[in-house]
> 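One structure follows; several queries about it will come next.
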Amino acid sequence: MASILLIGPGAIGATLAAWLAQDDRNHVSVAVRTPIDSLEVTTPQGIIRAKPQVLTDPAQARHVDWILVATKTYDSEAATEWFAGATGKHTRLAVIQNGVEHVARFEKHFDRERIVPVMIDLPAERTAPGRTVQKGPAKMVVPAGKNGADFVKLFAATNFDMQQTDDFTTAVWKKLCLNCAGAVLAVVAKPAAIAHHDGVAEIMRTLVRECVAVGRAEGATLEDSIPDEIVDRTRRGPRDSGNSMYADRIAGKPMEYDARNGVIARLGRKHGIEAPMNALMATLLEAVQQA
Ligand SMILES: NC(=O)c1ccc[n+]([C@@H]2O[C@H](COP(=O)([O-])OP(=O)(O)OC[C@H]3O[C@@H](n4cnc5c(N)ncnc54)[C@H](OP(=O)(O)O)[C@@H]3O)[C@@H](O)[C@H]2O)c1
């Protein structure tokens, strides 16, 4: 039996919480900013529902075995308000977000040894509070070791592809290569078809080349072919598809430009590597958001 508090039941969080609650061995509660009454997820296999305990105030939190954070990266600090009540001596924290700074975002607030960074591939969309659509299969990658193994066990009753790796750094930087290129769609507010423009495709390649250079300096193993692969993949996909930062731009919501682009310029400076195109994307998206 594992007690789990999932903070941030949005597209990813609600989908994960509903799946976790299908297993009687998990006791799932959710910590919300916007109240919900229940969870309903339209999955590729059909609809799943759950009625977890819903916490609306950090004072309601009680010690759990696992805290799962699934807020956007820019809400990480706010998410830590739930930690005081939910953290016991053995509580572990799984950070299920994009970017490469999972541990760095939380180590001021949680024992670093008990933080499990999670790379997630799961196309999900929130249609209403507590209601999501899971559009494809779910994959999560966590570091090798006991904490990662115990996190994988929480999802034993799902059909998720759960992997442990000795090289988590490479896993998150590969994902960042894809995410950083997607900033172009958010900047121009156009879906993937824009990648068929040769100049735009070259901007995407440049963003990814910068990411590859900084990722390698951070210890990731990244092939020279990644920039071309990402452009090809974007061009092969549906012309009207987007990514979550593009969707947030269209919806007028805050965007994760710092975790996806700003970080490449920031970490690059540490290694003396310039990443001007990623800095440009982060600046433009920050300006759009503030306008
Ligand atoms: N969506 C995807 O397909 C996808 C795929 C892979 C990775 N990711 C990554 O997964 C992470 C989560 O993304 P998402 O798309 O699930 O975001 P989202 O739909 O915006 O959900 C975030 C949730 O966190 C809640 N929240 C924010 N601050 C909170 C707080 N202090 N306490 C409790 N709840 C709080 C939000 O509340 P409100 O209801 O008030 O907004 C919302 O329900 C991001 O890093 C994203 O890049 C997403």
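Whatever order the structure lists them in is the order used to number ligands and atoms, beginning at 1. Along the sequence shown, residues carry numbers from 1.
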> Against heavy atoms of Ile7, which atoms of ligand 1 measure under 4.0 Å?
32 (N), 33 (C)
> Give a yes or no on this: more than 12 heavy atoms of other residues, nucleotides or ligands lie within 6.0 Å of atom NZ of Lys190.
no
> Can you tell me which residue and heavy atom of the protein come closest to atom 36 (C) of ligand 1, and the distance to 0.1 Å?
Arg33 NH2, 3.8 Å
> Could you tell me whether the side chains of His27 and Gln53 share a donor-acceptor contact shorter than 3.5 Å?
no
> Would you mind telling me if ligand 1 is within reach of the side chain of Val32, the backbone, both or neither, using heavy atoms under 4.0 Å?
backbone
> Ring centroids only, cut at 6.0 angstrom: are Phe155 and Trp19 within range, meaning strictly under it?
no
> Can you check which of Asp248, Asp75, Ile36 brings a heavy atom nearest to atom 27 (C) of ligand 1?
Asp75
> Can you list the ligand 1 atoms lying under 4.0 Å from a non-hydrogen atom of Leu122?
2 (C), 3 (O), 4 (C), 5 (C)
> Can you name the one residue among Asp65, Asp150, Asp111 that meets salt bridge (charged side-chain N to carboxylate O under 4.0 Å, His left out) with Arg92?
Asp150
> For Lys175, is the nearest heavy atom under 4.0 Å from an atom of ligand 1?
yes
> Which bit of Arg260 gets closer than 4.0 Å to ligand 1, counting heavy atoms only: side chain, backbone, both or neither?
side chain
> To check your reading of the model: name the closest protein heavy atom to atom 22 (C) of ligand 1, its residue, and the distance in Å.
Ala70 O, 3.8 Å
> Numbering the atoms of ligand 1 from 1, which are under 4.0 Å from a heavy atom of Pro9?
43 (O)
> Nearest protein heavy atom to atom 39 (O) of ligand 1, by residue and atom, and its distance?
Arg126 NH1, 2.6 Å
> Between atom CG of Asp161 and atom CG of Leu122, what is the distance when rounded to the nearest 0.5 Å?
12.0 Å
> Return yes or no for this condition: an N or O of Gly13 is under 3.5 Å from an N or O of ligand 1.
no
> Nearest protein heavy atom to atom 24 (O) of ligand 1, by residue and atom, and its distance?
Gly8 CA, 3.3 Å
> Other residues, nucleotides and ligands only: do more than 12 of their heavy atoms fall within 6.0 Å of CD on Glu202?
yes
> Is it the case that atom CZ in Arg235 sees more than 12 heavy atoms from other parts of the structure closer than 6.0 Å?
yes
> Counting only heavy atoms, which portion of Ala11 has something under 4.0 Å from ligand 1: side chain, backbone, both, or neither?
both
> Which residue and atom name correspond to the protein heavy atom nearest atom 17 (O) of ligand 1, and how close is it?
Lys72 CE, 3.4 Å
> Among protein heavy atoms, which sits nearest to atom 48 (C) of ligand 1, and what does the distance come to when rounded to 0.1 Å?
Ile12 CG1, 3.4 Å
> Should you measure from each heavy atom of Ala31, which atoms of ligand 1 turn up under 4.0 Å away?
33 (C), 34 (N)
> Between Thr42 and Gln134, is there a side-chain donor-acceptor contact under 3.5 Å, judged purely by atom types and distance?
no
> Pull out every atom of ligand 1 sitting under 4.0 Å from any heavy atom of Pro123, numbered as shown with elements.
3 (O)
> So for ligand 1, is Gln97 a polar contact partner (N or O within less than 3.5 Å, distance only)?
no
> Can you report which non-hydrogen protein atom sits closest to atom 44 (C) of ligand 1, along with the distance?
Glu256 OE2, 3.2 Å
> In this structure, does ligand 1 have an atom that sits under 4.0 Å from one of the heavy atoms of Pro129?
no
> Do we see a donor-acceptor contact under 3.5 Å between the side chains of Thr80 and Arg105?
no
> Can you pull out the closest protein heavy atom to atom 9 (C) of ligand 1? Residue, atom name and distance to 0.1 Å, please.
Asn98 ND2, 3.5 Å
> Please identify which atoms of ligand 1 are closer than 4.0 Å to at least one heavy atom of Thr34.
38 (P), 39 (O), 40 (O)
> Which of parallel (below 30°), tilted (30 to 60°) and perpendicular (above 60°) describes Phe168 and His102?
perpendicular
> Between Phe83 and Ile7, does a side-chain contact (heavy atoms from CB on, under 4.5 Å) hold up when you go through it step by step?
CA-CA 10 Å; Phe83 288 5; Ile7 304 172; 3.8 Å; yes
> Where on Ala78 is there a heavy atom closer than 4.0 Å to ligand 1, on the side chain, on the backbone, on both, or on neither?
both
> Can you see whether Gln22 engages Thr158 through a side-chain donor-acceptor pair at a distance of less than 3.5 angstrom?
no
